[in-house]
Each structure stands twice: as C-alpha cells, then as structure tokens.
2 protein chains.
Amino acid sequence: MSATMADVAREAGVSASTVSRTFSLPETVRADTRERVLAVARRLDFSPNRTASSLARGRTGALGLLVPDIANPYFGEIVKSVQRRARTADRALFLTETGDAHDEAYGLAKAMARQTDGLLLAGPRMPEDMLRSLAAAGPVALIGLHVPQTDCAYAELPVGMRQAVRHLAALGHRRIVYVNGTRTARTAGFRRLMRAACDEFRVELVEHLGPFDLTYDNGRAAADLVPTSGATAVIAHNDMVAHGVAGGLARQGRSVPGDFSLITVDDTYLARAIHPALTAVHVPIDAMGAHGVDLLLARIADPQGPPRLVALPTALTVRESTGRAPAP
Amino acid sequence: MSATMADVAREAGVSASTVSRTFSLPETVRADTRERVLAVARRLDFSPNRTASSLARGRTGALGLLVPDIANPYFGEIVKSVQRRARTADRALFLTETGDAHDEAYGLAKAMARQTDGLLLAGPRMPEDMLRSLAAAGPVALIGLHVPQTDCAYAELPVGMRQAVRHLAALGHRRIVYVNGTRTARTAGFRRLMRAACDEFRVELVEHLGPFDLTYDNGRAAADLVPTSGATAVIAHNDMVAHGVAGGLARQGRSVPGDFSLITVDDTYLARAIHPALTAVHVPIDAMGAHGVDLLLARIADPQGPPRLVALPTALTVRESTGRAPAP
DNA sequence: CTGAAAGCGCTAACAT
DNA sequence: ATGTTAGCGCTTTCAG
C-alpha cells in the first residue's frame, strides 16, 4: 500500500533509523542527509504510520474528550476550545458523548482511556469516587468541575454570582427566583453561594423552582411559576434554561426587563442570540477548555506531580434583560 | 504496565493465539477454554491493546469527522448523530474542526486519514476537486452535501422549499426575501430552486440580501434591509441567520408574524427555542449523520463499489412565525 | 480446535 | 552522525 520507512531508507541509501530520526528528531541528522531523505519521502508520498509509531513508543498521541451532551451549546463551546488547543499541541482528539448514565459513562471512559494518552472529562455527571478511580487509572483532567485532589479547570462562580445579586438589588429587586439545575455537581455549592449573596444584599431568595433538567422546555415550565412567586427577577442556572424562561415569559405576555429581570449563567452565544440579549454571569468556557488540555498534558508528562486546580474568574456582563424593578 | 496476551496465555495454559482468538473470533475456540481464558483476563484486568491490534490488522477501527464549526448548532447536531452511530458500530471517532480555509481543511483531512479507516466530511467548504482527491485517496463520505460520484448523505431541499413558498403564497405574501449564505456548496442550487418555486406560485423573489456568512449578527444586519425591500416574508438560509433576522426585526419593533413572516431552513433546536417558534423547512440532520456513517462503513468494507447517494426528504413544519400577509 | 512462527511499521538503546 | 538489533502487542497463515 503506502510506502514505509524501509522503502524510503532503501531509496535514499540510508538505514531505517535515519529515516525515523529525520521525522522525529530532525536535529540529530546531518542537514544534507536529512534533505535527501525528505526528498525521497516526498517523491514516494511517504508519511510515518502513526499506529506503528504509537505501538513502538507506547503512547498514542491522542487525547480523549467526554461530554454529556454534544448538542448543548455549553459543551459545544467546550469541545471547540479543547479541539483547538489539542491541535496546537499536535494531539488528535477522540470525542465521546456519554449521556447521563453514570455507569455507561464510566465504561466509555475506561474504553477510551485504552486508546488515548489521557482523558478530559467535561462536566461529568458522575460520582466523585468514579472520577477518582478513573484518575487513578490514568491521566485525567476535569473541565468545569471542581474535585479536590484532581486536576481541574473550572469557573469560580462566587464573584460573578455576587455581582449578579448586587446588580439586581441595586435595581430595586427585593425578591428573586433562582431556577436551578439537577444532577450537576455545581448545584450544591451554587445554591449555598446564592443564599450568601442574597443575605448580603438583603434580597429574598425563592428557590423552589427546580431542580430541573437544564433544558429549554424546563425553562419554559419554570417561567409559568415565576409570576405567582412574588419575585421580580430570575436567575437561571444556564443559558438553555434562561432561554426557556425568556420564551415562557414572552408567551405569557410578560415583558423582560419591564415586568421581570432575567440573568443567566454561562454566557454562551445563546445569551446574545435572543431578544432581549441576556445579562449574564460570564463563564470563561474557552479558557476552561484550553486550561483543561494544558493540565492534562502536564499530567501526562509528569504522572506523579501534585494535582493542580485552575480557577477561572467569572464576572457579570450587563445586557438588556435586567432593569429597574416594577413599582409594587 | 497492563497485562498482555502473553501474560494471559501463560496463566491460562494456552498460547497467545488462543487468547487472541477468544477476543476477536470467539466462536472459533472451544467454549470451556474460552471461559478459562476470559476468567484469567478478568482476573488480570486485561483488555486487548488497540494499537497493537490496529498495527497487525492494518486498520485502526476509528473514523474521522471533520466539521467547519463545532459550536454551530447545525454541526453540533451532526456531530451528535455521527458519534452515536459510530458507537453503535463500535467505532471510535476522531473529531476535527476545520474552519473555513480550504487548504488547511485539506491538510487536516489528509492527516486525519492516516490515523483512521475513513473520513466523514460534514458540510465541507472545499472545492469539488479537493473533495474528489480526498475520496480517491481513501474512504470518504460526505454529509449534507451532494457531490456526484461520491458517497454522500444529504437533504433534498426542493420539496421542503416548494412547500415553504406555497405556504407563504397561500397566506397572501406576494413578495419575499431570501437571506442567503455564502461559501456553502448548497447556495447555488438552493437559489435556483427558490426561483423556480417562486415562479410557480407567482411570488416575487428579492434576493439581494446576501450572501452573508451564516451568523446571528449577519441575520440582524439583514433584518435592517427587509422593511425597505417591500417584501412581507423572509426565508433564511439557516437557523442562526433566521435567529438573527428575528432578533433584528424585534429590535426594530416589528412583529413576527404580524408585520413579517419568517421561515428558516434546517430546524435545529434553535428554531424551537425562540419566540415565536419558527416555521421551518425541516432538514433531517440526525438521519444524515447516521446515513453518512453507514455509507462510510460500506465504502470501507468495499472500496470498489459504486458511489451511493442518500437523499433524505425535507418538509415544512409550520410553527408560529408565519401568518397572513399584512394588508397593503 | 490449538500452537508455532512470522510479521505489521516504527522506535530506541547500543555500537560504530 | 548513522547503522544494527531487538522488540512494542497483536494477528494470521500454516501445521498439527
């Protein structure tokens, strides 16, 4: 089929080792022989067989990325940034969608670990012990999730959330609803955080809306509960839900931000792509993906090193969906 | 490190060949020895090394998927369906984002071809001769694009588009705008098609809006040109653009469908996730992805077989964004 | 049904 | 700076 190093070696009058070296350690071969080899390689349309190389080296050069749901814009943007970073590091990327089932996700991760040098888990909906077990078995980095003793790149929400509540308080809102998610590790800390922020700014927090799956439809459903809650502002756990809340309120003939203010968390393109554009707690998804890759590469290079956490800052981005609270 | 077939063979008192067979050709080994081997394998936590297997077999078991833009919901849904189908076929999936540069995309495809058994190109923005050259070099299937003499799974737009125009005509619209895209192979045929449909239903077609890049922002920009066009309805080339058009019209204080009717093409979740929900020419993205994988697998199995086209039907889905034309 | 032997194409000491 | 020599772990004739 395709030419091998042996072919090139013969044609160029050198040994296979030299051919190998001109591709992997170019500096170690004299310039003129290198040129000769490359010329022959070009003529024969040769390029090294990655599989053979992987076998001999004992590593594949590929990374694996697992996400719960590819079509979700949040994960879509993560996949995008991971893919980019992986490429600049000259690593190929395996992608797998895990869905929500823990055991299945675990199995998929295990399987993928066998054909990659390391695993990136984005927002895994998996118990911590499974995550730890995976991390113990091979290089693993987490994206968008904070698990102690594990390499992870995540968004530090407190600052952004506090800004969000302060923003609403400053606009005169005294009672706000938080539409929360379910099954995400973020939820617990996130709720505690919201309480603290609301206490600080003397805002009442209505929290019974949820937990929901983080879907558009659930956001719409949540919107139906908002008017009777006595609240004048809503904070939604992510953009899909916020989108749904906005849609639901619009359907009821409510105006945003006239009747209700709305703040979203994540800030994918969706937050800008609706009318009114959503005020958002911006999560640096891009940076999370890139740092995740870097953490993983570092872990691969040094399996024994201490675990590293990269906490990325969040901040409020004010757009059109927040305004003064309506007069009581 | 991890156990090898030789280890298992020794422990089980058989040869490495037998271990190999119990994993790849289980029927060819007697039930009791198979059980014995599997028991040892389980005990040693052994599973076959994919890389070694790939090298020996001469194929990797992996497929490669190239998309221009992962974060675009259209491609996100394609990635999702391809990934699913690949998994049921027990194939791992490499993912690469190509961006818009032809040459780079070509290079990435070439590189990926070396580490996979075949390539899936989704909506490639690449000249036909490059595509053909890739297809000549190894198994390739196209998704969402019709290129003669090549395996491809694509949506047959005529039926859906004709229904869209007829729908608008029936609602009394006499002049419609088509916001078209650029750099997609779909564009040329699509425009011809629109003309034909409009002629058939005696509707005037205003086509000077574009070509645009298919982004939300360009949709918003396009919306600014709509009111002066004299048209009462808009058909947008994809959901992102339609989304932008809707946002732009809303910002101008125009009502949809009160002042303008709007139809989108593709029908990703975005089409349902805005208010009003968009009437759409539904493109069966899921089926396209699945068929793409099937075509590729067939091609891999039989490199010499005749090229196959899979044309999936489209149809109009009426939602809330279309209504009677306003009185003149 | 099972085993022995010869690779798959490349890499990495070790020698020269 | 280059060549020699063993593999990496699995698959696959070919014998038995």
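By convention in this document, chain letters (A, B, ...) are assigned in the order of the sequence lines, proteins followed by strands, and residues within each chain are numbered from 1.
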Subject >> Between B/Tyr106 and B/Thr98, a side-chain donor and acceptor under 3.5 Å >> reply: no
Distance-only check: which donor-acceptor pairs under 3.5 Å involve side-chain atoms of residues 289-296 of chain A, not counting sequence neighbours?
unit_1: A/Asp294; atom_1: OD1; unit_2: A/Arg85; atom_2: NE; d: 3.0
unit_1: A/Asp294; atom_1: OD1; unit_2: A/Arg85; atom_2: NH2; d: 3.3
unit_1: A/Asp294; atom_1: OD2; unit_2: A/Arg85; atom_2: NH2; d: 2.7

Subject >> Heavy-atom check, side chain of B/Val82 versus side chain of B/Leu63, under 4.5 Å >> reply: no
Subject >> Short side-chain donor-acceptor distance under 3.5 Å, A/Arg114 and B/Ser47 >> reply: yes
**OP:** Could you pick out which residue, B/Val29 or B/Arg114, lies toward the 5' side of DNA chain C when each is mapped onto its nearest nucleotide?
**Re:** B/Val29
Original post:
Are the side chains of A/Val310 and A/Met288 in touch, meaning some heavy atoms are under 4.5 Å apart?
Top reply: no
**OP:** Measure the shortest side-chain to side-chain distance between A/Leu145 and A/Tyr154 over non-hydrogen atoms and say whether it is less than 4.5 angstrom.
**Re:** no
Original post:
Rounded to whole angstroms, how far apart are CG on B/Leu55 and P on D/dG7?
Top reply: 17 Å
**OP:** Kindly calculate the angle separating the two end axes of the helix from C/dC1-D/dG16 to C/dT16-D/dA1, each obtained from five base pairs, and round it to 10 degrees.
**Re:** 30°
**OP:** Measure from CZ on A/Arg59 to P on D/dG9 and round the result to the nearest Å.
**Re:** 15 Å
**OP:** May I ask you to test the B/Leu108-A/Arg87 pair for a side-chain heavy-atom distance under 4.5 Å?
**Re:** yes
**OP:** May I ask you to list the residues of residues 42-53 of chain B, by number, that have any heavy atom positioned under 4.0 Å from an atom of DNA chain C?
**Re:** none
Original post:
Within the pair B/Thr18 and C/dG3, is there a side-chain N or O less than 4.0 Å away from OP1 or OP2?
Top reply: yes
**OP:** Walk me through it: do A/Lys80 and A/Asp286 pass the test salt bridge (charged side-chain N to carboxylate O under 4.0 Å, His left out)?
**Re:** CA-CA 8 Å; A/Lys80 183 169 186 136; A/Asp286 235 61; over 6 Å; no
Original post:
Looking at CD of A/Glu11 and CZ of A/Arg36, how far apart are the two atoms once the value is rounded to the nearest 0.5 Å?
Top reply: 12.0 Å
**OP:** On the 0 to 90° scale, with breaks at 30° and 60°, tag the A/Phe23-A/Phe46 ring pair as parallel, tilted or perpendicular.
**Re:** perpendicular
Between the protein and nucleotides 12-16 of chain D, which nitrogen or oxygen pairs are less than 3.5 angstrom apart?
unit_1: D/dT12; atom_1: O4; unit_2: B/Ser17; atom_2: OG; d: 3.1
unit_1: D/dT13; atom_1: O4; unit_2: B/Arg21; atom_2: NH2; d: 3.4

**OP:** Taking the side chain as every heavy atom from C-beta outward, state whether A/Arg132 and A/Thr150 have any pair of such atoms under 4.5 Å apart.
**Re:** yes
**OP:** Run the salt-bridge test on A/Asp151 and A/Arg308 with the 4.0 Å N-O cut-off and return the result as yes or no.
**Re:** no
**OP:** Identify, residue by residue, the members of residues 30-41 of chain A with a heavy atom below 4.0 Å from DNA chain D, and return them in order of residue number, or none.
**Re:** A/Arg30, A/Thr33
Subject >> Minimal non-hydrogen separation, B/Pro73 against A/Tyr269, with atom names >> reply: CG-OH, 3.1 Å
Subject >> N/O donor-acceptor pair under 3.5 Å between B/Arg299 side chain and B/Gly305 backbone >> reply: yes
**OP:** Mind listing the residues from residues 4-11 of chain B sitting with a heavy atom below 4.0 Å of DNA chain C? Number order is fine.
**Re:** none
Subject >> Heavy-atom side-chain proximity of B/Gln149 to B/Pro307 below 4.5 angstrom >> reply: yes
Original post:
Base, sugar-phosphate alone, or nothing: which one does B/Val19 contact when heavy atoms must sit under 4.0 Å apart?
Top reply: nothing
